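In this text, all values refer to a predicted model and were calculated from it rather than measured experimentally. Start at 1 with the first residue, then count along the sequence.
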Amino acid sequence: MEKFGLWQGLAAKEAASLHKGIDDLNWGTPEGFTVKPLYTEDDLKQVTNLNTLPGLPPYIRGPRASMYVGRPWTIRQYAGFSTAHESNAFYRKNLEGGQKGLSVAFDLATHRGYDSDNPRVAGEVGKAGVAVDTVEDMKILFDQIPLDHMSVSMTMNGAVIPIMAFYIVAAEEQGISTEKLTGTIQNDILKEYLCRNTYIYPPKPSIRIISDIIAYCSGKMPEFNTISISGYHIGEAGANCVQQVAFTIADGMEYIRAALDAGLHIDDFAPRLSFFFGIGMDFFMNVAMLRAARYLWSDAVKKFGAENPHSLALRTHCQTSGWSLTEQDPYNNVIRTTLECLAAALGGTQSMHTNAFDEAFGLPTEFSARIARNTQIIVQEESEICRTVDPLAGSYYVESLTQEIINEAGALIDLIEKNGGMAKAIEAGIPNRMIDEAAAAVQAQIDAGSRVIVGVNKYHLQQEEEVEVREIDDSAVSHEQLDSLRRIKASRDNRAVKTALQEITIAAAGKGNLLDRAVKAARVRATVGEISDAMEEVFGRYQQRTHCVTGVVAKVFAQKPQTKAEFDGVKVRVAEFAQRNGRPPRLLIAKMGQDGHDRGAKVIASAYSDLGFAVDFSPMFSTPEEIASLAAANNADLIGASSLAAGHKTLLPELTAQLRAIGREDIKVVVGGVIPPHDYDFLYRHDVKAIFCHGTRMLDSASRSLDLIMGIAGMEAGSRN
């Protein structure tokens with residue numbers, strides 16, 4: 001092409017004047033793609049299905065013919081905190097403000113199948129979601145919200161059986177038939193083993209639970225989506241866009257097989273499967289990701305023999321990234337969320353949640369939640385992007401990216417299938433390692449400055465301003481939940497409860513439908529913990545081991561002389577310590593409480609390992625007492641506690657108290673993760689030696705940790721860097 005040749009010559013001259021070569025204009029993405037500075041019609045020669053239409057297979061341009069011209073995406077707000085009363089008030093206020101559907105966040109105790117009075121969840125009740133112990137909590141949650149007129153999405157996987165049962169009974173007691181219920185239950189357990197870790201049972205019985213829910217709902221809840229196959233948490237754990245698509249589609253294929261094995265016909269349940277993707281900051285890559293996902297799902301379902309076009313159509317909810325939010329200069333997060341919202345819309349999502357800017361600190365305030373909700377409303381009603389279907393279709397760049405994702409994600413799906421499907425691939429650690437490597441590489445690029453995060457590694461504020469953070473009084477929430485549990489257990493027919501729970505255990509050991517049995521137990525007021533325990537008698541409670549990748553962080557820092565020198569400087573200090581003491585400094589990464597998010601913990605473990613530290617991982621969901629004992633047994637110098645779920649004010653003081661109780665005050669405690677700045681002084685008063693907030697450079701935290709181990713003074717209490 002003559003014009004392209006002229007442009008290339010011009011670009012080369014411009015590049016030469018900047019002392020660069022033409023190759024420097026190309027950019028490599030985390031997905032491994034080389035993005036060129038110019039795309040032309042020649043780049044469309046490799047694109048298949050270019051002339052597809054929306055509403056028709058393979059649905060690249062959208063699952064409905066008219067898309068937002070006919071009906072815009074549903075505006076949701078993922079929310080839940082404290083008690084059912086408080087969450088209900090929050091939902092009703094949001095609905096009055098323009099929200100169109102509910103997305104319910106449950107607390108970690110509920111996710112893990114524990115009642116609020118279980119000692120393992122002390123300090124976490126109502127903290128990162130709403131506490132639901134019985135069907136009475138579910139009834140309060142939806143009080144004055146007619147469930148036959150409201151699409152309800154519930155993020156629940158581990159305790160999915162009791163939560164679905166409570167929802168069904170709450171609707172019954174509103175006088176609503178299950179046939180009229182619309183919405184989605186996430187019910188995606190495979191990604192829990194892959195990244196989020198809010199599982200209860202081992203993989204095999206968990207897959208059985210999913211097939212039981214699909215079977216029950218296919219017969220009794222035809223308008224309800226029985227599973228939301230989630231790429232969101234895969235992306236938040238560190239997966240790039242290719243990995244997010246590939247692993248999510250592979251999960252869906254595994255669920256199809258489970259339903260088919262249970263005797264269901266694919267066209268009876270596939271139209272009710274939905275998806276959930278996370279949207280990050282690479283704008284066009286995320287647009288292309290959603291377009292590619294629809295093609296890959298259509299292709300996969302067709303191979304299972306589906307004939308109904310609705311079975312082939314991927315419908316998805318999207319949520320803007322939580323990981324992309326920064327504690328530093330946090331109002332920048334409003335801009336980040338707006339860009340991610342626009343990408344999800346241009347990619348063709350069916351519903352959306354936009355994160356609030358202060359979720360880098362904790363739960364959103366009413367002020368920040370309103371901004372987050374209005375972000376969607378403004379994009380939907382003021383930007384005019386809803387006037388046409390798939391407005392980026394035909395873009396040389398977008399179509400090329402879409403095809404590249406189709407090709408690369410398709411190859412990754414083939415790899416998973418060759419290893420026996422997603423369940424077996426997870427057991428072999430194949431996708432887990434890929435995600436961990438991608439997460440470590442991205443964080444190292446940020447720390448090295450090759451990936452810009454405004455306010456974190458470039459354009460810093462000299463002084464961070466205070467931001468209001470929502471504070472949940474977990475003692476008050478626990479008191480209310482415990483009182484409710486006592487009243488219900490005192491007033492219910494405990495003989496009927498015992499019989500209903502026995503039927504669940506019998507079904508778990510045999511072939512009865514677990515959801516059907518749980519609905520009966522919910523009607524007589526069995527609790528989340530009791531129903532979960534009834535299945536645990538047969539299935540057991542699962543514990544997954546955590547590993548870290550090595551070599552990735554060191555490789556990124558080795559790419560530039562300046563960053564290599566900095567990395568090597570810390571590494572030399574660690575080696576000198578090892579030579580003087582006859583062993584390397586030893587770090588125990590601690591995951592306490594029921595929070596299963598471990599991206600940050602794994603990345604830190606990778607960096608410290610590459611620097612020469614000896615790094616141990618605690619089992620997930622440990623108690624402070626268990627962590628103190630493990631640290632002493634391993635002769636740890638330092639405990640690095642990872643906190644993301646607001647239990648830090650209970651768990652960390654208890655940990656330092658346990659260390660004192662066993663005479664090991666010499667083991668220092670530091671913490672990283674989501675810690676509101678106004679809690680720093682509280683933690684320092686309880687013997688936490690350093691706080692590494694979100695955005696802290698790994699080399700800085702490693703150097704300061706080494707100072708602590710060596711007894712060097714000069715730590716800056718209250719530092720946010």
Is it the case that the side chain of [X] and the backbone of [Y] share a donor-acceptor pair, with hydrogens and angles ignored and the cut-off at 3.5 Å?
X: Arg291; Y: Ala393; answer: no
X: Gln244; Y: Gly278; answer: yes
X: Asn355; Y: Thr320; answer: yes
X: Arg208; Y: Ala508; answer: yes

Residue pair Ser351, His317: steps toward the side chain to side chain donor-acceptor pair (under 3.5 Å) verdict
CA-CA 5 Å; Ser351 67; His317 172 73; 2.6 Å; yes

Could you tell me whether the side chains of [X] and [Y] share a donor-acceptor contact shorter than 3.5 Å?
X: Ser311; Y: Asp267; answer: yes
X: Asp595; Y: His597; answer: yes
X: Asn197; Y: Glu192; answer: no

Walk me through whether Asn157 and Gln186 qualify under side chain to side chain donor-acceptor pair (under 3.5 Å).
CA-CA 6 Å; Asn157 303 288; Gln186 192 164 96; 2.8 Å; yes

Pair Lys36, Asp43 - check salt bridge (Lys or Arg N to Asp or Glu O under 4.0 Å), show working.
CA-CA 10 Å; Lys36 301 185 298 183; Asp43 293 291; 2.5 Å; yes

Is there a side-chain contact (heavy atoms from CB on, under 4.5 Å) between Ile279 and Gln319? Walk through the geometry before answering.
CA-CA 6 Å; Ile279 306 298; Gln319 181 174 340; over 6 Å; no

From [atom1] ([X]) to [atom2] ([Y]), nearest 0.5 Å:
X: Phe275; Y: Arg315; atom1: CZ; atom2: CZ; value: 9.0 Å
X: Phe276; Y: Thr349; atom1: CZ; atom2: OG1; value: 9.5 Å
X: Thr316; Y: Met352; atom1: OG1; atom2: CE; value: 10.5 Å
X: Asn225; Y: Gln350; atom1: CG; atom2: CD; value: 10.5 Å

I'd like to know whether the aromatic ring centres of Phe284 and Tyr397 sit less than 6.0 Å apart in this structure.
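Yes, they do, as the ring centres are separated by less than 6.0 Å.
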
Without placing hydrogens or testing angles, list every side-chain donor-acceptor pair under 3.5 Å for residues 46-53, not counting sequence neighbours.
residue : atom : partner : partner atom : Å
Thr48   : OG1  : Gln403  : OE1          : 3.2
Thr52   : OG1  : Asn49   : O            : 3.4

So, using side chain to side chain contact (heavy atoms under 4.5 Å, CB included) as the criterion, who are the partners of Ala372 when residues are at least two apart?
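Here the qualifying residues are Gln77, Thr354, Ala356.
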
Show your reasoning for whether side chain to side chain donor-acceptor pair (under 3.5 Å) applies to Asp42 and Tyr396.
CA-CA 9 Å; Asp42 285 348; Tyr396 301 143; over 6 Å; no

Do Asp598 and Arg196 meet the salt-bridge criterion of a basic N to acidic O distance under 4.0 Å?
no

Output yes when Lys418 and Asp414 qualify as a salt bridge under the 4.0 Å nitrogen-oxygen rule, no when they do not.
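No, this pair does not count.
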
Assign the ring pair Tyr201 / Phe539 to parallel, tilted or perpendicular, where the plane angle (0 to 90°) is split at 30° and 60°.
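Geometry flag for Phe539 against Tyr201: perpendicular rings.
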
Between Phe224 and Tyr167, how do the two ring planes meet: parallel, tilted or perpendicular, split at 30° and 60°?
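Taking Tyr167 first and then Phe224, their aromatic rings sit tilted (interplane angle of 30° to 60°).
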
Within the supplied structure, the quantity of interest is the number of heavy atoms (other residues, nucleotides, ligands) at a distance under 6.0 Å from Glu307 CD; does it exceed 12?
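Open.
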
Give the intermediate values and the outcome of salt bridge (Lys or Arg N to Asp or Glu O under 4.0 Å) for residues Glu340 and Arg336.
CA-CA 6 Å; Glu340 291 167 349; Arg336 294 185 177 102; over 6 Å; no

Please assess Glu254 against Arg257 for the test salt bridge (Lys or Arg N to Asp or Glu O under 4.0 Å), listing each intermediate value before the final yes or no.
CA-CA 5 Å; Glu254 195 83 345; Arg257 280 189 282 265; 3.0 Å; yes

Could you check if a side-chain atom of Met535 sits within less than 4.5 angstrom of a side-chain atom of Ile504, using non-hydrogen atoms only?
yes

Would you verify whether the NZ or CZ of Arg112 falls within 45 degrees of the ring axis of Phe621 while also being under 6.0 Å from that six-membered ring's centre?
yes

Does Tyr193 have Lys191 sitting over its ring (NZ/CZ under 6.0 Å from centre, angle to axis within 45°)?
no

Hey, mind stepping through Arg61 and Asp390 against salt bridge (Lys or Arg N to Asp or Glu O under 4.0 Å) and telling me if it holds?
CA-CA 6 Å; Arg61 298 191 63 188; Asp390 194 17; 3.2 Å; yes

